[in-house]
Amino acid sequence: MDLIRLLPDSVANQIAAGEVIQRPASVIKELVENAADAGASDIRIYVKDAGKTLIQVIDNGKGMSETDARMAFERHATSKIKSAEDLFSLHTMGFRGEALPSICAISQVELRTRTEDSQMGTRIIINGSKVESQEPCICEKGTSISVRNLFFNVPARRKFLKSDSGELGHIMREFERMALVNNNIRMSIDTGTRVIDLRPRSMLQRINDLWKNNLNMQLIPIDVETDLVKIRGYVSRPEFARRKNALWHLIANGRHINHLKMHKVITGCFENLIATDTQPCYFVKLEVDPSEIDINIHPSKNEVKLEREKEILSILGASVKAALGKFAATPQIDFDTDLVPVQPSGADSPENPVISVPSDYNPFEITSDSDFIRGTDGVKMGTGNFSAGFFNRQERSSNVRNWDTLYNRFMNRQEENVRDQVPVEGVLPSIDENPRLPEKECFQYADKYIITSTRSGVMIIDQHRAHLKILFEDCLRSVKRMEVTSQRILFPETISLDFDQQDALARVQPELTAIGFSLEYEEDNKWQIAAVPTMISQSNAKETVLNILESVREESDTYGATSNPVDDIMERMALVMARSAAITRGHRMTPAEMENLVGQLMSLPDPSLTPSGKLIFTILDEDRLKSLLG
């Protein structure tokens, strides 16, 4: 019995769709690339229910004839190439002829198209790879494609789509990439809640239109042309490096790409110029001979191979370094200027001032306004006027006359302060009524670890992780019970949010308000932080809000539509607030603070792991110590 058979086109198209169409954003990418290849100067995108219900792309390109409109939905039917040799001279975005048949295999598609020299256009309706009708119609020049009910016949794939906000985030990021690549094309998108309309602009203006915040003022231009490669674009100044949300955009021959080696070369140019926990932004366009680049690697067409990669990487690195140096973004030394002024020939060198101090002088006993310190020129230095302004005669008579007595009294006062000390609110929580305190004293090592002894052995605690765990549990209880109190900010801080951050804010704004934040919209994507929860510092308000929004955006990429978004958002909020308030490694703690911290940690149900699963402490038992000591 024969076992091998040809798959039906409908099944083969669904298999191809799994590689080409991963989510609604993939549909938009493919349709916009086709519109750009058709010579469109105006591309409009309409989205409903984050693309799950409807995606419509309208362009004013050259359109298709009746025959071409039908052929476009056949597998491997394309106008971009005619032979295998054409793969090495590509100037178009698409070339495989897989996108449209893959989209039709998993959705319901309606196409309307007309060429400039035709009076009537063509309308085609396809349902799951099956052509239901084709008829003449009246429409504008260009092409309009509507994709409805994505993955309607592949329920397993539809189930793995993210929430609407998550999918919308992917759509907006794809729109940003395409708008940056095609900055000479007018592009607009209507998501149902927001409309963005971008006019044809220069690359720098398009960057500022997309990401606002006066980003164009933070960038340094790159413009290098060689026989091998032409490089143009922008990198951010070192002082504007970001800890989160760094923008990385590489474009090769008009195609947005991912290239790890190029990324490392660009970011490596900022070594020793920025903090280790920050990253620069960059927007770089490369143009190489099409025969020197291979884009036929992955169905997504965002990975490339360069024939002369080593040379291009060297030119790229030199270009970025030259731009940083040209615009004084790197430290420089002026070798034409002497660091130490040279005295004129024959001039006398200035004498250092001589200060004489009497051998019996006691700084804590000033009994007169006499000139007890004089310079060589007889000018008084530190006279009785100083003592008269800060001490009175009655206090002087009781001042100590030797350092030992002063030191002992100072240390006695410090010990009294430690015994009476109450930890500062927001730094360390108060101790529970019956915490399980350590049996012995606590010691701090390297201002990072707390060491104490227990019945099981020597306990070594990471102080930052321990405090993070304590604050997280406390914040989570308060957030879930909505017991967080709010405090107004005297001088409200303004933050600017990009598309993704505004989507995240729309999703969690009720929860933010419930836990004590107050964000008020001003204008032009700017929001004012008017109030914050009392558990966080006002100085960390902006960073905390941005971290929460970034966390929510990451959550959209991680969790599916079946997860409980409210509980997850609250946990993430609690974690962000705990991170913003937790003591850092390198913070010196008093004995009372260490005992308080250990007691709070041991009172938790699960004190051993952080919310992200990292170890908080370890215990070296007697056997382990013996093995270490031999």
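Hydrogens, waters and symmetry mates are skipped; everything else that's a heavy atom, side chains included, is used.
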Between L198 and F175, is a side-chain contact (heavy atoms from CB on, under 4.5 Å) present by the stated rule, with each step listed? CA-CA 11 Å; L198 303 175; F175 177 79; 3.9 Å; yes
Only one of E132, E135, E66 passes salt bridge (charged side-chain N to carboxylate O under 4.0 Å, His left out) with R123, and that residue is E135
Got a donor-acceptor contact below 3.5 angstrom from the [X] side chain to the [Y] backbone?
X	Y	value
E292	D289	no
T113	G142	yes
N153	A105	yes
N60	D42	yes
R114	S118	yes
W248	P280	yes
N253	V288	yes
T278	I274	no
D223	R232	no
S65	D68	yes

Could you walk me through whether I189 and M172 pass the side-chain contact (heavy atoms from CB on, under 4.5 Å) test, one step at a time? CA-CA 9 Å; I189 185 169; M172 295 310 302; 4.2 Å; yes
Intermediate values then yes/no, ring-ring contact (aromatic ring centres under 6.0 Å, His included), W527 and F517: CA-CA 12 Å; W527 295 75; F517 284 98; over 10 Å; no
Could I get the full list of side-chain hydrogen bond (donor to acceptor under 3.5 Å, both in side chains) partners for N184, not counting sequence neighbours? none
Interatomic distance, [X] atom [atom1] to [Y] atom [atom2] [nearest 0.5 angstrom]:
X	Y	atom1	atom2	answer
L306	I257	CG	CD1	7.0 Å
R237	C281	CZ	SG	13.5 Å
L519	I495	CG	CD1	5.5 Å
L215	F283	CG	CZ	5.0 Å

Member of N208, V235, I207 meeting the side-chain contact (heavy atoms from CB on, under 4.5 Å) criterion with L219: I207
If the test is side-chain contact (heavy atoms from CB on, under 4.5 Å), which one of N34, L111, I126 qualifies with L100? N34
Salt-bridge criterion met for [X] and [Y] (N-O under 4.0 Å):
X	Y	value
D190	R44	no
K52	E167	no
E140	R112	no

Report, as yes or no, whether the 6.0 Å neighbourhood of atom CZ on R158 holds more than 12 heavy atoms from other residues, nucleotides or ligands. yes
With H256, which of H249, R177, K29 fulfils side-chain hydrogen bond (donor to acceptor under 3.5 Å, both in side chains)? H249
Determine, step by step, whether Y282 and F270 satisfy the side-chain contact (heavy atoms from CB on, under 4.5 Å) criterion, reporting the C-alpha distance in whole Å, the side-chain angles of both residues, the deciding distance to 0.1 Å, and the verdict. CA-CA 11 Å; Y282 61 79; F270 288 80; over 6 Å; no
Verdict with supporting geometry, R23 and I171, side-chain contact (heavy atoms from CB on, under 4.5 Å): CA-CA 9 Å; R23 54 178 17 107; I171 289 173; over 6 Å; no
Applying side-chain contact (heavy atoms from CB on, under 4.5 Å), name anything that partners A38, two or more places apart in sequence or on another chain. K62
Just jot down the ring pair (Phe, Tyr, Trp, His ring centres under 6.0 Å) partners of F152, sequence neighbours excluded, or say none. none
Under 3.5 Å, is there a donor-acceptor pair linking the side chains of S144 and Q56? yes
